[in-house]
Amino acid sequence: MFLLKHMQKTVVEKTVETVESITCDVCSNVIVVGSKALYYEVSTMHNHWGSDSWESREHYDMCSKECLMKHLQSYIDQSNVDGYSYDIETEQA
């Protein structure tokens, strides 16, 4: 027994979201994507025992070393940082 498939060509439109700019979480400066400016992506989370460690993860963007240092100092001042992680990645817009 042979199966015959009748094909039809259809034009499909696709909508894609792209990042145009990033706002600094410290000073609200706008980082334009494509400007090749360096900025910092930071993620924080606790490493305590339990299943909520992943849910404690938060992400931040900073436009400069000065904003990064302000954020880090604020994070240290407001948290008991024992068992917490502060991961920094340098990115290019």
Side-chain angles (χ1 to χ4, degrees):
M1 176 160 84
F2 293 99
L3 296 177
L4 297 176
K5 294 182 181 179
H6 300 279
M7 306 299 273
Q8 176 182 351
K9 291 185 179 181
T10 306
V11 176
V12 178
E13 287 187 38
K14 182 178 179 181
T15 303
V16 178
E17 289 186 21
T18 57
V19 177
E20 294 180 353
S21 64
I22 301 162
T23 302
C24 177
D25 289 313
V26 175
C27 71
S28 300
N29 186 27
V30 175
I31 305 158
V32 178
V33 172
S35 66
K36 299 188 179 183
L38 293 179
Y39 70 98
Y40 301 92
E41 287 185 349
V42 172
S43 61
T44 63
M45 67 181 284
H46 73 73
N47 297 322
H48 298 139
W49 187 88
S51 61
D52 69 337
S53 294
W54 186 253
E55 287 128 10
S56 72
R57 187 173 204 93
E58 295 185 22
H59 299 276
Y60 304 95
D61 297 305
M62 275 61 119
C63 67
S64 65
K65 286 182 183 177
E66 292 80 15
C67 286
L68 176 65
M69 295 308 295
K70 283 181 187 178
H71 186 267
L72 177 58
Q73 188 62 53
S74 172
Y75 183 77
I76 291 170
D77 289 346
Q78 71 180 359
S79 304
N80 176 6
V81 292
D82 184 36
Y84 283 74
S85 68
Y86 192 92
D87 299 319
I88 305 167
E89 292 185 32
T90 305
E91 298 290 336
Q92 189 171 20

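For clarity, every value in this text was computed on a predicted model and none was experimentally measured.
Note on Y84: it clusters hydrophobically with V42, by side-chain heavy-atom contacts below 4.5 Å among ILVMFWY residues. I76 and L68 fall within the same hydrophobic cluster, defined by Ile, Leu, Val, Met, Phe, Trp and Tyr side-chain heavy atoms under 4.5 Å apart, directly or through other members.
Judged as a side chain to side chain donor-acceptor pair (under 3.5 Å), and not counting sequence neighbours, the contacts of Q73 are D77. For Y40, the ring-ring contact (aromatic ring centres under 6.0 Å, His included) criterion is met by no residue, not counting sequence neighbours. Remark: E58 engages T44, Y60 in a side-chain contact (heavy atoms from CB on, under 4.5 Å) (not counting sequence neighbours). Partners of T23 by side chain to side chain donor-acceptor pair (under 3.5 Å), not counting sequence neighbours: none found.
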Under the side-chain contact (heavy atoms from CB on, under 4.5 Å) criterion, do D87 and R57 qualify, and how do the steps go? CA-CA 11 Å; D87 299 319; R57 187 173 204 93; 4.2 Å; yes
Please tabulate, for side-chain N and O atoms in residues 24-36, each donor-acceptor pair with protein atoms closer than 3.5 Å (sequence neighbours left out).
| from | atom 1 | to | atom 2 | distance (Å) |
| --- | --- | --- | --- | --- |
| D25 | OD2 | D61 | N | 2.7 |
| S35 | OG | V32 | O | 2.6 |
| S35 | OG | A37 | N | 3.4 |

List the atom pairs, with distances to 0.1 Å, where a side-chain N or O of residues 2-22 and a protein N or O form a donor-acceptor pair under 3.5 Å, not counting sequence neighbours.
none

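Distance NZ/K65 to CG/L72: 14.0 Å, rounded to 0.5 Å.
Y75 and Y86 have tilted rings, their planes meeting at an angle from 30° to 60° on a 0 to 90° scale.
What you find for S56 and H46 is that their closest heavy atoms are OG-N, 3.1 Å.
Counting heavy atoms from C-beta outward, H71 and I88 have side chains that stay 4.5 Å or more apart.
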